[in-house]
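All ligand and atom numbering here is 1-based and tracks the order in the structure.
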Amino acid sequence: MTIAAFSYHDPTSLPEALQLLEKLDDAKPLAGGQSLVPYLFFRMQRHRHLIDLNNIPELSYCSTEQGFLRIGAMARQRTLLESKLIGEVCPILQDALHLIGHQATRTLGTIGGSLCNMDPSAELFGVAALHNATLRVRSSRGEREIGVSDWAETFMKPSMAADEMLCEIRWKLWPKGHGHAFQEFSKRHHDYAIVASGALMTHDGNGKIKQVSLMVIGLGIKPTRLTEAEEMLTGKAPTAELFAKAAKSVRQYELFPEEFANQGYPRRFVSAQFRRHLGEVYARRVMEAAWQRAIGQEAGGPK
Ligand SMILES: Cc1cc2nc3c(=O)[nH]c(=O)nc-3n(C[C@H](O)[C@H](O)[C@H](O)COP(=O)(O)OP(=O)(O)OC[C@H]3O[C@@H](n4cnc5c(N)ncnc54)[C@H](O)[C@@H]3O)c2cc1C
């Protein structure tokens with residue numbers, strides 16, 4: 001199959017791109033093309049206009065500011081994976097990036113493209129959820145911020161209007177030396193995850209958990225924050241039993257609603273029951289691994 005005809009637009013500034021998005025009917029931004037181009041080839045999508053974001057340098061950056069990490073939507077996944085800054089201030093982002101696709105897809109694929117594509121198994125959406133990220137979107141009409149918990153409108157559709165573009169992802173950094181872990185179950189290494197889980201943790205210096213953030217992806221159309229488990233762990237001295245009990249809370253979350261059965265969920269690749277079981281197992285594993293890192297007992301000490 002070949003791509004249906006479209007007009008290609010190559011803006012060199014953000015205002016120019018926003019004007020095109022506003023003016024043109026059925027226009028779609030093109031970031032790394034690692035999801036959009038296959039959809040076009042398979043005719044799962046067709047658009048009259050593609051607006052290439054690759055020549056807009058102001059969308060590619062990564063910096064820290066007053067305790068926050070700020071990443072431009074067009075920052076490449078590979079750039080973030082190899083960034084010394086990210087390795088120092090937000091290592092879980094690199095834990096997750098290691099699991100995404102292949103070197104070739106990460107070389108072109110962007111953080112913004114992944115968040116806008118919004119695959120239910122996208123690791124980067126999970127990392128954003130762990131940090132309660134804020135997404136900054138712009139259109140010719142102005143700018144607004146969307147909390148990550150409100151990002152999903154429905155299955156693989158972010159809550160943005162057709163003339164809006166994601167410009168920046170921002171989140172508060174965790175203290176230096178915090179524990180972190182991100183692990184996933186997939187059919188083959190580098191495939192999309194069936195289920196993945198991530199954890200961030202700090203300790204209080206007296207053997208107790210001070211702060212914790214936990215999430216699982218693969219249970220629903222967006223990452224599931226394990227708030228009950230977080231409450232159960234905060235202020236407690238962790239034991240294997242406590243982690244196992246906290247991980248059990250995964251069982252209470254609803255899987256994909258039946259309306260997504262035509263997309264294959266929740267029985268895609270595995271039974272719904274096994275999907276939930278994986279969520280519990282991986283949640284427990286990342287809690288344990290993040291704690292070991294938080295207390296510096298992981299081989300090589302805390303990262
Ligand atoms: C072989 C292979 C394996 C992969 N494995 C994984 C995996 O394991 N995990 C994973 O998460 N992903 C995986 N991916 C997808 C990959 O991460 C893509 O990079 C990502 O989904 C899309 O990013 P992109 O920059 O290529 O965006 P594109 O494909 O260019 O765009 C994706 C969608 O987002 C929209 N969009 C892009 N940027 C913006 C913006 N700034 N504002 C508004 N809309 C925007 C586009 O219009 C389009 O609808 C894989 C892809 C391939 C080909």
Side-chain angles (χ1 to χ4, degrees), residues 3 6 8-9 11 14 17-18 20-22 24 26-42 44-56 58-61 71-81 93 95-129 135-139 143-144 146 151-153 155-169 182-196 198 217-218 222-223 269:
I3 294 183
F6 62 88
Y8 173 78
H9 305 266
L14 184 54
L18 295 175
L20 286 165
L21 262 185
E22 184 194 24
L24 298 170
D26 189 22
K28 209 58 177 146
L30 171 70
Q34 297 306 293
S35 296
L36 182 56
V37 172
Y39 294 151
L40 295 172
F41 263 105
F42 290 119
M44 291 159 71
Q45 288 187 21
R46 49 202 301 181
H47 302 287
R48 288 174 61 195
H49 301 275
L50 290 193
I51 301 174
D52 193 341
L53 308 182
N54 285 275
N55 289 312
I56 306 180
E58 68 222 69
L59 288 174
S60 301
Y61 57 87
I71 307 178
M74 282 299 290
R76 306 281 176 195
Q77 294 164 12
R78 182 172 174 184
T79 308
L80 298 172
L81 181 57
L93 180 53
D95 297 341
L97 282 160
H98 271 295
L99 300 169
I100 299 177
H102 310 266
Q103 173 114 320
T105 64
R106 292 190 298 258
T107 300
L108 281 171
T110 62
I111 185 167
S114 177
L115 286 163
C116 293
N117 188 53
M118 236 192 72
D119 190 283
S121 300
E123 290 86 351
L124 294 175
F125 196 7
V127 174
L135 296 103
R136 189 161 63 84
V137 303
R138 278 186 66 177
S139 69
E143 181 178 312
R144 66 189 178 109
I146 305 175
W151 182 240
E153 187 177 301
F155 182 72
M156 294 186 78
K157 160 96 180 65
S159 20
M160 274 190 305
D163 66 340
E164 283 183 314
M165 239 178 69
L166 175 63
C167 291
E168 183 183 276
I169 301 97
F182 195 105
Q183 297 182 15
E184 72 182 32
F185 179 89
S186 57
K187 283 202 296 180
R188 290 169 306 193
H189 193 42
H190 297 302
D191 273 7
Y192 269 104
I194 291 174
V195 163
I217 50 175
K222 61 179 185 179
F269 305 127

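- Given atom 8 (O) of ligand 1, the protein heavy atom at minimum distance is G101 N, 3.2 Å.
- In this structure, L99 has a heavy atom closer than 4.0 Å to ligand 1.
- Considering backbone and side-chain atoms alike, A31 places an N or O below 3.5 Å from some N or O of ligand 1.
- In terms of protein heavy atoms, atom 47 (O) of ligand 1 is closest to P29 O, 2.5 Å.
- Residue contacts with ligand 1, taken as heavy atom pairs separated by less than 4.0 Å, involve L53 solely via side-chain atoms from C-beta onward.
- The shortest N/O to N/O separation between A122 and ligand 1 does not fall below 3.5 Å.
- Residue H102 has no nitrogen or oxygen atom sitting less than 3.5 Å from a nitrogen or oxygen atom of ligand 1, judged on distance alone.
- One finds a salt bridge joining R136 and E143 here, because a Lys/Arg side-chain nitrogen approaches an Asp/Glu carboxylate oxygen to under 4.0 Å.
- Nearest to atom 30 (O) of ligand 1 by heavy-atom distance, out of G33, G113, A27, is G33.
- Nearest heavy atom pair, residue Q77 against residue I111, reads CG-N, 4.2 Å.
- Residue contact check for ligand 1: T105 places a non-hydrogen atom closer than 4.0 Å to it.
- With contacts defined as side-chain heavy-atom distances shorter than 4.5 Å, the pair V137/W151 qualifies.
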Check your understanding: Does the pair L50 and H9 meet the rule for a side-chain contact (heavy atoms from CB on, under 4.5 Å), with working shown?
Key -> CA-CA 6 Å; L50 290 193; H9 305 266; over 6 Å; no
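- The shortest side-chain heavy-atom distance between L99 and Q183 does not fall under the 4.5 Å cut-off.
- Closest to atom 49 (O) of ligand 1 among all protein heavy atoms lies K28 CE, 3.2 Å.
- Looking only at heavy atoms of the protein, atom 25 (O) of ligand 1 is closest to T110 OG1, 2.6 Å.
- Residue, atom and distance of the protein heavy atom nearest to atom 53 (C) of ligand 1 are Q34 O, 3.4 Å.
- Here the heavy atom of the protein found nearest to atom 19 (O) of ligand 1 is Q77 NE2, 3.2 Å.
- In the candidate list R106, R76, E123, E123 is nearest to atom 9 (N) of ligand 1, counting heavy atoms.
- Annotation: the span from L40 atom CG to I3 atom CD1 amounts to 5.0 Å, rounded to 0.5 Å.
- Looking only at atom types and distance, the side chain of Y61 has a donor-acceptor partner in the side chain of E168 under 3.5 Å away.
- Checked by atom type and distance alone, the side chain of R78 never pairs as donor or acceptor with a backbone atom of L108 at under 3.5 Å.
- Atoms of ligand 1 lying under 4.0 Å from any heavy atom of M160, numbered from 1 in the order shown and given with element: 43 (C).
- Residue G109 has no N or O atom closer than 3.5 Å to an N or O atom of ligand 1.
- Environment of OH in Y8: crowded, with over 12 heavy atoms of neighbouring residues, nucleotides or ligands closer than 6.0 Å.
- Annotation: side chain of D119 is in contact with side chain of M156 (closest heavy-atom distance under 4.5 Å).
- Contact annotation: the side chain of L135 approaches that of L115 to within less than 4.5 Å [non-hydrogen atoms, C-beta and beyond].
- By the 3.5 Å distance cut-off applied to N or O atoms, S35 is counted among the residues near ligand 1.
- Rounding to the nearest 0.5 Å places CG of L36 at 8.5 Å from CG of N117.
- By the 4.0 Å heavy-atom criterion, V37 is excluded from the residues contacting ligand 1.
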Check your understanding: Going through the checks in order, is the side-chain contact (heavy atoms from CB on, under 4.5 Å) test met by F125 and I217?
Key -> CA-CA 9 Å; F125 196 7; I217 50 175; 5.7 Å; no
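- Here is the list of ligand 1 atoms found below 4.0 Å of a heavy atom in A73: 41 (N).
- At the shortest separation from atom 44 (N) of ligand 1 among protein heavy atoms lies C116 SG, 3.4 Å.
- When each atom of ligand 1 is checked for a heavy atom of D191 under 4.0 Å away, the hits are 8 (O).
- Annotation: atom 24 (P) of ligand 1 to nearest protein heavy atom, G32 N, 3.4 Å.
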